[in-house]
Structure formats: structure tokens, C-alpha cells
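See below for the structure under consideration.
Computed from a predicted structure; not experimentally measured.
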Amino acid sequence: MSFDSKDRGFLKRAVDIAFEHMRSGEGRPFGAVLVLNGKPLAEGWNSVFASKDPTAHAELMAIRRACKVLGHGDLSGSVLYASGEPCPMCLGAMFLAGVSRCYYATTRQEASRIGAQTEAIYAEYLKENPEERAIPCIHAPMAEASAAFDEWLAKAD
Amino acid sequence: MTTQDDLLHLARAVALSRERMEANLGGPFGAVIVREGRVLGEGWNEVTSSNDPTAHAEVTAIRKACGALGDFSLAGATLYTSCEPCPMCLASAYWARISRIVYANTRDEAAAIGFDDAFIYDEMPKPPGERAIPMDHVPTPEAAAAFAAWMAKPDKIEY
């Protein structure tokens, strides 16, 4: 791992953002900075309480803002600096957006101690049977759903 | 175990997946959130039309339902989705306190039409340093202090 003073500066910024928006009451103390080619592209912070949006996590907001700035959904080559270890939702978004690297300052275990469920949600992915999750996931196959997938495959554009 | 009502709501999610795909808004995915028989929100994949890689059907439905209710909790609600949620959407359901998920197509069927969530599912349980996206833990005193400040905050919202 190469982690230089520039990296440290971006990670520090992510933590500063976490402090700032926690104090304003917007959400829990989490901040994120997305950097491309050494330059900050977008920032995000937890605004779950202010926006009433449970998906408004720091990393997810930074990803959404970065894609808006770029005008496309591909963040290949970008580095995400997060004050806290990304939860599975944010990690999934990082894969979908093609984020290339991540540095974080606090762990999921530390997040558990302040009441965040990151660690518990990660544990849910270890369950092989979706019906046995804390949120039971029930598979109800439907012919029309298969047909929609077939239509996508056949779609010319 | 599914009821006749479940299948009706699931059929609506599937119909959305087809309609919005045909309108070129994104891939063939639709979702409906229902609590006590009342539809709280609907969503569909808008990734390509909005340039937002997080605009999956389930996340979009959660955002709309919470926005309409003015509440970040959807406790007691069922999420009906045309396809098994990807890892991002599954976690968003936990954060939204969704109580149950019913889906029609599977992750393997999604992979077969070019939406490979299976790869991301495989990444979830790995130690952060061993993932396809390298992740490094860099502890800093300031970050620990932010958590301590949260614990000490007298007016924090519990959830």
C-alpha cells in the first residue's frame, strides 16, 4: 500500500466532512471524497436524517455527485476516501460505478459501537439461503419476468 | 410462502420492468414497496437515462417511498422486485428497515442477460484488503474522535 501525504489530506477531508455534517444534524458521522487523477471530483456525507433517505450515505452521495459532474456513470480510475469503512450498499455501488481503490479510517466494528448496522448487514451475506436472512427474501418465479429478460436480450438498441 | 396479493404486487413490479425498459430508461428491472396493502413507492432501473449507477429499481423505490412518507424507515413494508436484489439494493433494504422481499428472476438469470451481480455477491464476504477493489484501513485519531463526538452528542437521532 502506498499512502502518501496527499492521500492523508483527502482522508482528513473526508473526516472533516463527517464532523461538519454530524454537527449540523444531517446524519451520522460519515464523510467521503472521490478523487480522480489526483483531483477531488465530489464529496458526500451522511444526510439520512435531513433527507429522510436511508440510502443517503456519504459514499453513495459522493458517487452520485461524481457521475453527475462527469455526465456518465463510469468512475474507473477514481479513489474513494471514506471516514468509515463502506457498508455493503456503498461497496456494491463502488463496484457498479467502477471505483478503483478505497481508503477508510474507521472499521465496521467501530461503527457497531456507535449503533450503525454495517457489521450486521455484512453478516447477512454469509447466509446461503435468502429466506433465512433477517429480511426473508422469497423467490416467486413468474413467466412474465422471464419474458422481460428475453426481451432485453433481443432488444436491438 | 406467497399470497395472492403478493403475486399481484410482484406482477406490477414485473410490468414496470418491461414498460420502463421499452421506454429506454434502463435495464429490465422494476420494484414496488407495499405496506398494509398500500403502495408506498415504485421504482425502475434508470441507470442509463440518469447516468446514476445507483439508480436501480429497488433503491429508487426506497427513495420514493421514504420521500413520500417523510420517514427514513419503511418498517413493516414488503419490497416486490422483478429480480433478486443486487448486493447494493439488498443492503439498502436493510437500512430502510424493509421487513420482507419477494422477487421473480434470480441473480443467475440476471447474469445470463449481462447483469452480473453474482461477482459482487462473491466480493461481499472477502476481507477488505483482498477484494477486486483494493481497500485499506488507515486509522486516524480524527476519525475516531468523530465517532466519540457522535456518542457524546445529546441530540442525536436514534435509529
Exercise. Step by step, would you call Gln117(A) with Tyr94(B) a side-chain hydrogen bond (donor to acceptor under 3.5 Å, both in side chains)?
Worked result: CA-CA 9 Å; Gln117(A) 292 79 6; Tyr94(B) 281 96; over 6 Å; no
Exercise. Are the side chain of Asp52(B) and the backbone N or O of Arg64(A) linked by a donor-acceptor pair below 3.5 Å?
Worked result: no
Problem set entry | Short side-chain to backbone donor-acceptor contact, His139(A) and Ala104(B), under 3.5 Å | yes
Seminar exercise, completed: Given Pro125(B), Ala144(B), Ser99(B), Pro87(B), the one with more heavy-atom pairs under 4.5 angstrom with chain A than any other is Pro87(B)
Exercise. With Pro53(B), which of Leu75(A), Ile63(A), Val99(A) fulfils side-chain contact (heavy atoms from CB on, under 4.5 Å)?
Worked result: Ile63(A)
List the atom of [X], the atom of [Y], and the distance in Å for their closest heavy-atom pair.
| X | Y | answer |
| --- | --- | --- |
| Lys153(B) | Arg23(A) | NZ-O, 3.8 Å |
| Thr107(A) | His137(B) | CG2-CE1, 3.2 Å |
| Val102(B) | Ala140(A) | CG1-CB, 4.1 Å |
| Lys52(A) | Gly70(B) | CD-O, 3.5 Å |
| Ala143(B) | Ser83(A) | CB-O, 4.2 Å |
| Met89(A) | Ser92(B) | SD-CB, 3.5 Å |

Given that the side chain runs from C-beta out, which part of [X] has a heavy atom under 4.5 Å from chain B: side chain, backbone, both or neither?
| X | value |
| --- | --- |
| Ala56(A) | neither |
| Arg28(A) | both |
| Ala120(A) | neither |
| Tyr122(A) | side chain |
| Ile135(A) | both |
| Cys137(A) | both |
| Ile114(A) | both |
| Thr106(A) | both |
| Ser51(A) | neither |

Problem set entry | Any residue of residues 19-26 of chain B which, by heavy atoms, sits under 4.5 Å from chain A | Met21(B), Glu22(B), Asn24(B), Gly26(B)
What part of [X] gets within 4.5 angstrom of chain A, counting heavy atoms only: side chain, backbone, both, or neither?
| X | result |
| --- | --- |
| Thr2(B) | side chain |
| Leu69(B) | neither |
| Leu7(B) | both |
| Cys83(B) | side chain |
| Ala65(B) | neither |
| Ala15(B) | neither |

Do you know which of [options] has the most heavy-atom pairs under 4.5 Å to chain B?
| options | value |
| --- | --- |
| Ser146(A), Gly25(A), Pro136(A) | Pro136(A) |
| Glu124(A), Glu131(A), Glu144(A) | Glu124(A) |
| Gly98(A), Ala147(A), Gly115(A), Pro130(A) | Ala147(A) |

Mind checking whether [X] and [Y] have side chains closer than 4.5 Å, heavy atoms only?
| X | Y | answer |
| --- | --- | --- |
| Trp95(B) | Thr55(A) | no |
| Leu96(A) | Ile120(B) | yes |
| Ile101(B) | Arg133(A) | no |
| Glu85(A) | Pro128(B) | yes |
| Thr140(B) | Arg8(A) | yes |

Rounded to the nearest 0.5 Å, what separation is found between the [atom1] atom of [X] and the [atom2] atom of [Y]?
| X | Y | atom1 | atom2 | result |
| --- | --- | --- | --- | --- |
| Arg131(B) | Arg101(A) | CZ | CZ | 13.0 Å |
| Thr106(B) | Phe149(A) | OG1 | CZ | 8.0 Å |
| Asp53(A) | Phe72(B) | CG | CZ | 11.0 Å |
| Met135(B) | Leu91(A) | CE | CG | 5.5 Å |
| Tyr125(A) | Asp122(B) | OH | CG | 13.0 Å |

For this session: Determine whether more than 12 heavy atoms belonging to other residues, nucleotides or ligands lie under 6.0 Å from atom CG of Asp4(A).
Result: yes
Exercise. Mind checking which of residues 12-19 of chain A sit less than 4.5 Å from chain B, heavy atom to heavy atom?
Worked result: Lys12(A), Val15(A), Phe19(A)
